[in-house]
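Accompanying notes for the structure given below.
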Number of protein chains: 2
Amino acid sequence: MASVAKEGQSDDASGEVRFVRQYDKRPQGGLAEKRAAILEGGLKAFAQHGYTRATIDSIAFRSGVSTRTIYNHFCDKEHLFQEVIQFSAERVAQAYLAIIDRYLRKVTDLEDDFLDLGRAWVEPMPEYADHDALVRQILAEAAHIPVAAIRAWQEAGPLRVRRALAAALRRLAELGWLHVDDPESAALHFTLLVSAGQHPHRQIAPLENRTIDLVAAGIRAFLYGYAR
Amino acid sequence: MASVAKEGQSDDASGEVRFVRQYDKRPQGGLAEKRAAILEGGLKAFAQHGYTRATIDSIAFRSGVSTRTIYNHFCDKEHLFQEVIQFSAERVAQAYLAIIDRYLRKVTDLEDDFLDLGRAWVEPMPEYADHDALVRQILAEAAHIPVAAIRAWQEAGPLRVRRALAAALRRLAELGWLHVDDPESAALHFTLLVSAGQHPHRQIAPLENRTIDLVAAGIRAFLYGYAR
DNA sequence: TAAAATGTACAACGAGGATTGTATACTCCC
DNA sequence: GGGAGTATACAATCCTCGTTGTACATTTTA
């Protein structure tokens with residue numbers, strides 16, 4: 001494990017900030033701004049280093065806030081993590097909902113429009129660059145996160161997006177553009193196939209067990225695609 | 001984060017072992033056995049709790065070994081982690097290679113045989129139950145693991161399997177069973193589609209950037225599958 | 001402008017945990 | 001049966017980090 005440059009004194013990564021007194025970069029405004037800054041800093045820290053490695057000190061420093069202020073806004077590190085997850089998931093979900101709406105509201109050329117959709121889907125979104133890394137941390141930490149928090153994240157993020165995509169696909173099927181038996185599976189398959197380049201490996205999800213059905217559906221799609 | 005029951009004194013999970021003196025469950029045999037036991041225990045601990053949370057003490061306890069013995073076999077926690085990764089990756093890769101060989105060596109009914117292959121692919125392998133969790137930990141820790149170790153893992157595990165699958169698909173194409181332009185992509189798509197039920201969410205992989213091509217390929221497969 | 005909120009620096013506490021040294025106990029081979 | 005190699009228990013070291021208390025500064029608000 002390459003040792004991470006100690007934070008809190010001189011920031012890592014970009015090195016923009018070094019030995020700056022907290023006062024200088026203090027976000028103007030009241031309660032809400034501090035809170036937002038902490039969430040943003042926490043997102044970066046948790047995403048890059050994971051829950052345990054991300055120290056409160058480093059989060060405070062990234063956020064331009066004292067550690068005490070963090071404890072004034074969030075009861076402890078664990079709850080901060082959960083709120084960061086929720087914060088980031090909601091924001092990114094919004095972006096995907098916008099993409100779905102933009103490319104699937106009106107379809108004129110099926111293949112062209114889906115290609116555009118696919119490209120938009122995997123186009124990196126620099127504003128939310130850390131979110132994917134955060135998701136990896138969530139998946140790794142899943143066993144140590146309360147079930148309620150996991151569920152809340154799923155509902156606010158991935159499930160919400162998938163449902164919207166499924167609805168869009170169902171609509172296209174009703175308009176005669178597609179043949180879709182199970183819009184939910186179709187939406188899932190779409191996201192998997194489209195971001196195949198992003199996935200180097202496989203990961204798990206013990207939340208659903210319609211495994212058999214999904215295997216069959218996957219095989220069918222695969223064979224339709226490759227068996228001509 | 002649900003606090004984890006402290007290990008090393010009374011084991012968690014199954015609770016099979018509590019306050020057992022190391023002597024009692026000491027694996028018989030010499031050097032190699034100790035080493036194997038440590039790798040096995042490390043695998044469980046790292047998979048369940050992640051790199052930082054898995055303590056050397058807990059690994060020692062699970063392995064039925066003293067912490068000192070761990071340090072006699074592995075120079076430090078970091079290297080132990082890397083060796084555990086390699087160990088598990090190789091073992092699981094073997095299992096998948098066997099599956100590929102078993103179901104794709106001789107094909108008589110395309111759909112039936114691929115369905116069997118797909119079911120075998122996602123059939124949980126209890127012997128290697130922890131491996132998926134370990135992979136999640138690797139992905140989360142990736143930024144803190146030396147590039148060489150990541151690459152070694154990829155080569156020994158996922159890439160090796162994917163290449164074998166690609167070779168099998170290419171052979172089936174040559175025999176006229178399939179139409180496959182790019183066996184590598186086809187293999188990747190197969191694994192993604194087949195384990196769609198296992199993946200609740202998306203994950204990343206900054207190792208390849210033929211993103212555009214893969215998007216197009218994914219879309220094509222998707223449309224072939226769902227646009228009839 | 002002054003009280004109330006809120007934020008900051010600083011220091012302290014306490015727990016957990018990686019790593020190492022050491023003296024003692026086992027095991028295996030000759 | 002005894003020595004070499006290995007393992008064990010135990011304890012000590014040293015460091016990181018979450019969390020809290022406190023006195024002082026800043027900002028907001030009325």
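Numbers restart at 1 for each chain; the letters A, B, ... are given by sequence-line order, proteins then strands. The shown structure was predicted, so the numbers you read here are calculated from the model rather than taken from an experiment.
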ask   = Where does the angle between the aromatic ring planes of B/Phe46 and B/Tyr51 fall among parallel (under 30°), tilted (30 to 60°) and perpendicular (over 60°)?
value = parallel
query: Is the shortest side-chain N/O distance from B/Thr55 to OP1 or OP2 of C/dG17 below 4.0 Å?
result: no
Taken to the nearest whole Å, CZ/B/Arg53 to P/D/dC17 is 14 Å
Ranking C/dT8, D/dT19, C/dG21 by distance to the side chain of B/Arg68, first place goes to C/dG21
The test is ring pair (Phe, Tyr, Trp, His ring centres under 6.0 Å); show your working for A/Trp121 and A/Tyr103 and say whether it passes.
CA-CA 10 Å; A/Trp121 201 269; A/Tyr103 292 98; 9.8 Å; no
Identify whether the distance between the nearest side-chain nitrogen and carboxylate oxygen of A/Glu155 and A/Arg163 falls below 4.0 Å.
yes
Whole-Å distance, B/Phe74 CZ to C/dT20 P, equals 15 Å
Separation of D/dG18 atom P from A/Asp57 atom CG, nearest Å, is 7 Å
When you check the phosphate oxygens OP1 and OP2 of C/dT8, does a side-chain N or O of A/Lys34 lie under 4.0 Å from one of them?
-> yes
message: It should be established whether A/Thr69 places a side-chain nitrogen or oxygen under 4.0 Å from OP1 or OP2 of nucleotide C/dT8.
response: yes
Atom pairs under 3.5 Å, N or O on each side, protein against nucleotides 11-13 of chain D: can you list them with distances?
none

- Could you tell me whether B/Arg53 and A/Glu141 make a salt bridge, using a distance below 4.0 angstrom between a side-chain N and a carboxylate O? yes
Taken to the nearest whole Å, CG/A/Asn72 to P/D/dT19 is 13 Å
Exercise. For residues A/Gln86 and A/Arg91, is any side-chain donor paired with an opposing acceptor at under 3.5 Å?
Worked result: no
In whole angstroms, the gap separating P of C/dA18 from NE2 of B/His79 amounts to 16 Å
Of the listed C/dA18, D/dG18, D/dA9, the closest approach to the A/Tyr71 side chain comes from D/dG18
*Does the B/Gln82 side chain pair with the main chain of B/Ala149, one donor and one acceptor, at a distance under 3.5 Å?*
no
Q.
D/dA7, OP1 or OP2 - any side-chain N/O from B/His73 closer than 4.0 Å?
A. yes
In whole angstroms, the gap separating P of D/dC17 from NZ of A/Lys77 amounts to 8 Å
Rounded to whole Å, the CZ-C1' distance (B/Phe61 to D/dA7) equals 17 Å
Rounded to the nearest 0.5 Å, the OG atom of A/Ser63 sits from the CZ atom of A/Arg35 at a distance of 12.5 Å
Rounded to whole Å, CG of A/Asp76 lies from P of C/dG14 at a distance of 20 Å
